[in-house]
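In what follows, a structure is listed as structure tokens, so that the remarks can point back to it.
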Amino acid sequence: MSRADSSDTAKGPPPLVTTSSSAVTKKAVGKRKRDSEIRLVPDDQRIFKSQRFYFFPNSDKHPARKLRIAKAIEFGATWESEFNESVTHIVADKSMDYGLLLKYLKKDALPPHIALVSENYPAECITFCRLLDPRQPQFKVRGYDLSAAAPPISSASSDRSLKLKPAPDSVRARQPETPVQDDRVPESPPTVSTEDGEGEEDRNPSAPPIESTAEFDAALKQARDLRHVPLDMEEDSGSRPTSSDGPATDDERPPAGSELDRRKKGKAQNYQAKFQCMHKHTGSDENPNVGTIAILQQMAEYYNQVGDEWRTRAYRKAISTLRNHPTKVWTREEALALPQIGGRLASKIEEIAYTNRLRRLDNAKAEPQDQVLQTFMQVYGAGFAQASKWVNAGYTTLDELVEKAELTPNQRIGIDHYADFNSRIPRAEVEQHGNAVRKALHKIDPAFDVIVGGSYRRGAKDSGDIDCIITRPNTDLPHIRQVVLDQLVPKLFAKRFLMAELAATSRDDGSKWHGASCIAGSSSSTGIWRRIDLLLVPSDELGAALIYFTGNDIFNRSLRLLASTKGMRLNQRGLYKDVIRGKGREKLSEGTLVEGRDEKRIFEVLGVPWRPPEHRIC
DNA sequence: GCCT
DNA sequence: CAGTACG
DNA sequence: AGGCCGCTACTG
């Protein structure tokens, strides 16, 4: 937590931005509870340096706008408290239009050197780490005709408007490398503008949303009010009935009705919506939050490797939520409205959205000890506890473990085939392993079935291991187990398909077998040991087993948690009802079996719309 | 971490 | 029993 | 404040 902060803040109070904005800045920032001050990013990242922003409306009362202002200042902008000729950019709320701005400024036209941009401009610039061309269509403000406003501006002189009002020369001279070259960005930023719901209004200027009327009226009222009030007073007038921001709040929300929809729906449905198993996986379409998700994923991995399973889970759930959210989440408030995202994660999401990185993560990654722990934890048979012991014992490499540490047989195999077990298995090879098992089994008894589950059944292009469900019509577990243990496994070992046994079911009890398998031959995968799991399933438990072995894990847990809230329980053997639970959800009675055989029926009874395996990715 |  | 692994 | 999946299954 020392790096990024130190450059600017270590030796004193946060730097003041400018005389004109410092007062309001401090005031604005003072209201924030948690992140209590604006901290400038390191000098070389201040893409807005020497730029002077005027917002419309120019108050930070609205949370989302306040955030935009704060972020702009963090990245070097000066916030002009009142409009003047030195302003380089006017950042207008998306509910505003050019006509309203002119009316408020009491002007007939905007000076050509001033760039009028929509509210998403600062964030986009920050995302791309440079000043973007204000004339890009996604920054267009309603009613502002670019061709008319900046008439014969051709590429050569296009960016001059930004230079017209540079900050003091001294500042500019010190940063010749500042990337103000708009021409380098001919193509608009890839995905954001089209996927960002906020851009919708620009595409439908003829049909402005109904809600904008409220904001429009509010802005007019605010404009009238401000005409008689010194601008600096605005922020102080907390006593003033803030009619403008109250009802207008909803307007600034992304247009998507997700939250609104949830509000309208019945209470029960709203409640169920919190379970990830209720939402189908929309991952096939590119998600606007991919960047945020990537960072959060790394955070989840970090917490996983430091043994914080609950934070890890929280991050994973939040990721799942973001993955299914149709629009890019920019602000804390926006994120907070989503399920499984609370205040802390919402703040992080905001930081990531605006900066594409998370300081917290940069720090965490730097710890070299974690790298070793991470390595050790990927050894089959070693978890957090064992890996921590090894780290504390001073071991730093796998070779060292083999030499000096006491290893269980499984851990030894895990180390010897560390690379094998941690490499992905192409879908075609998963199929080969499944076929090998099926072929051998059919030779024993053609009535047996082998179903490859896991990520393969979910349609994955590659998998981490091979999951085989072994079952047989009208057959109980003991018989299946006997055939597998007495005939199948020995046979597959003899064929040198199975190479190791990592966890075997006992002869008179149990249902799963873990080991390693290997395809002989001349393919590229020859000699690579793969983790293979066999699940022995009696025919009347096949449905529940399919759910279990298909996953994914988050989906399963969500489903099981949902069952428990409905007085039922779900495990790999079946769905049970009338379960009596004590304190917490402690189970006091078995309940009665509802369904175990039919996968779809289990979904039905739980009230979850059927989802094929490929849609069970949470 | 989030939620009740 | 704790630890690990499985989805 | 306390739960967060499974009275999962297997190992040592």
Side-chain angles (χ1 to χ4, degrees), chain A residues 271 274-275 277 296 299-300 302-304 307-321 335-336 338-349 360 377 379-389 406-411 414 421 453-458 463-469 501-506 509-515 531-536 541 544-565 569-576 579-591 613 616-618:
Chain A
Y271 175 66
K274 289 183 190 305
F275 292 88
C277 57
L296 290 179
M299 285 297 289
Y302 166 75
Y303 279 122
N304 184 46
D308 193 334
E309 71 172 295
W310 304 121
R311 271 190 184 78
T312 304
R313 176 167 320 169
Y315 272 80
R316 298 217 164 116
K317 285 186 170 186
I319 288 168
S320 180
T321 296
L336 209 42
L338 272 36
Q340 303 302 323
I341 295 179
R344 323 246 311 170
L345 264 169
S347 295
K348 287 184 175 67
I349 287 170
R360 183 78 191 273
M377 285 210 327
V379 172
Y380 180 89
F384 175 76
Q386 186 58 62
S388 295
K389 286 179 191 169
E406 284 192 7
L407 303 173
T408 70
N410 284 356
Q411 287 163 356
F421 289 168
S455 55
Y456 175 88
R457 186 162 184 251
R458 297 197 302 268
S463 304
D465 61 7
I466 300 118
D467 304 304
C468 296
I469 290 179
E501 180 177 89
L502 296 165
T505 107
S506 78
D509 183 36
S511 57
K512 63 169 61 165
W513 190 94
H514 294 176
R531 282 277 297 100
I532 187 168
D533 299 336
L534 309 180
L535 191 67
L536 319 185
E541 295 175 3
L546 275 172
I547 290 179
Y548 162 63
F549 231 35
T550 299
N552 65 4
D553 57 342
I554 304 276
F555 178 82
N556 284 353
R557 298 163 75 138
S558 176
L559 214 53
R560 293 174 180 201
L561 188 59
L562 175 64
S564 78
T565 66
R569 67 189 170 96
L570 175 66
N571 59 23
Q572 50 266 63
R573 312 208 338 229
L575 176 66
Y576 302 77
V579 178
I580 302 177
R581 290 189 145 89
K583 54 174 184 180
R585 293 173 17 266
E586 181 193 10
K587 183 162 64 68
L588 297 179
S589 86
E590 289 282 318
R616 299 181 198 170
I617 310 170
C618 290

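Convention: sequence-line order gives letters A, B, ...; per-chain numbering from 1.
Across all strands shown, C:dG7 forms a Watson-Crick or G-U wobble pair with D:dC5, both key distances being under 3.5 Å.
Listed nucleotides: B:dC2, C:dG7, D:dG6. Nearest to the side chain of A:Asp467: C:dG7. With distances taken from any side-chain atom of A:Pro409 to the nucleotides B:dC2, D:dG12, D:dC5, the minimum falls on D:dG12. With C:dA5, D:dC5, D:dT11 as the choices, the nucleotide that has an atom nearest any side-chain atom of A:His514 turns out to be C:dA5. Relative to the side chain of A:Arg344, the nucleotides C:dC6, B:dC2, D:dT11 differ in distance, and B:dC2 lies closest. Each of C:dG3, C:dC6, D:dG12 was ranked by its minimum atom distance to the side chain of A:Asp465; first place goes to C:dC6. Out of B:dT4, D:dT11, B:dG1, the shortest distance to the side chain of A:Lys274 is found at B:dT4. The side chain of A:Lys512 lies closest to D:dC10, out of D:dC7, D:dC10, B:dC2. Comparing D:dC5, D:dA9, B:dC2 by their closest approach to the side chain of A:Gln340 singles out B:dC2. If you check B:dG1, D:dC5, D:dT11 against the side chain of A:Asn410, the one that comes closest is D:dT11. Closest contact between the side chain of A:Asp533 and the listed nucleotides C:dG7, D:dG12, D:dA9 involves C:dG7.
Between A:Tyr315 and A:Tyr303, the ring planes lie tilted relative to each other; the angle falls in the 30° to 60° range.
The side chain of A:Arg569 places no N or O atom within less than 4.0 Å of a non-bridging phosphate oxygen (OP1 or OP2) of D:dG6. OP1 or OP2 of C:dC6 lies within a sub-4.0 Å distance of a side-chain N or O belonging to A:Arg531. A close approach under 4.0 Å does occur between a side-chain nitrogen or oxygen of A:Lys348 and OP1 or OP2 of B:dG1.
Between A:Tyr303 atom OH and B:dC2 atom P there is a gap of 10 Å when expressed in whole angstrom units. Between the CH2 atom of A:Trp513 and the P atom of D:dC10 there is a distance of 13 Å, given to the nearest Å. Atoms CD (A:Gln572) and C1' (D:dT8) sit 4 Å apart, rounded to a whole Å. For A:Glu309 and C:dT4, the CD to P distance is 12 Å, given to the nearest whole Å. Distance, A:Ile532 CD1 to C:dG7 C1': 16 Å, rounded to whole Å. At whole-Å resolution of the value, CG in A:Leu338 and P in B:dC2 are 12 Å apart. Atom P of nucleotide D:dC5 and atom CZ of A:Phe275 are separated by 10 Å, given to the nearest angstrom. Note: CZ (A:Arg573) to P (C:dG7) measures 20 Å, nearest angstrom.
Using a 4.0 Å heavy-atom cutoff across all strands shown, A:Gln386 reaches sugar-phosphate atoms only and no base atom. In this structure, A:Arg616 reaches neither bases nor backbone, as no heavy-atom distance under 4.0 Å exists between it and the strands shown. Within 4.0 Å (heavy atoms only), A:Ala318 reaches no atom of the nucleic acid at all. Contact annotation for A:Asp308: no contact, since no heavy-atom pair falls under 4.0 Å across all strands. A:Ala300 comes within 4.0 angstrom of no nucleic acid atom, judged by non-hydrogen atoms across all strands. Residue contacts shown for A:Arg457 are absent, as no nucleic acid heavy atom lies under 4.0 Å away. Residue A:Phe549 is in sugar-phosphate contact alone, with no base atom involved, counting any heavy-atom pair closer than 4.0 Å across all strands shown. A:Ser511 comes within contact range of the sugar-phosphate backbone alone, with a heavy-atom separation under 4.0 Å but no base atom that close. At a threshold of 4.0 angstrom between heavy atoms, the contacts of A:Thr505 are confined to the sugar-phosphate backbone, with no base atom among them. Residue contacts for A:Ala314: at a heavy-atom cut-off of 4.0 Å it reaches a base atom on one of the strands shown. Contacts of A:Asn556 with the nucleic acid, taken as non-hydrogen atoms under 4.0 Å apart, include base atoms. Within the 4.0 angstrom heavy-atom criterion, only backbone atoms of the sugar-phosphate kind lie near A:Ile341; the bases stay farther away. Contacts of A:Phe555 with the nucleic acid, taken as non-hydrogen atoms under 4.0 Å apart, are absent.
A:Thr550 is listed as a side-chain neighbour of A:Arg616, based on a closest heavy-atom distance under 4.5 Å. A:Asn556 places a side-chain heavy atom less than 4.5 Å from the side chain of A:Tyr548. Put simply, the side chain of A:Leu559 reaches to within 4.5 Å of the side chain of A:Ile547, judged on heavy atoms. A:Ile466 is not listed as a side-chain neighbour of A:Arg531, based on a closest heavy-atom distance of 4.5 Å or more.
One N or O donor and one acceptor, one from the side chain of A:Arg560 and one from the base of D:dG6, sit under 3.5 Å apart.
For the C1' atoms, the distance from D:dC5 to C:dT4 is 16 Å, rounded to whole Å. D:dG3 sits 22 Å from C:dA5 when the C1' atoms are compared, rounded to a whole Å.
Listed for the A:Gln411 side chain is a donor-acceptor partner under 3.5 Å among the backbone atoms of A:Thr408. With hydrogens and angles ignored, the 3.5 Å screen pairs a side-chain donor or acceptor of A:Thr312 with a backbone N or O of A:Asp308.
Among all heavy-atom pairs drawn from A:Ile341 and A:Ala318, the shortest one is CG1-CB, 3.9 Å.
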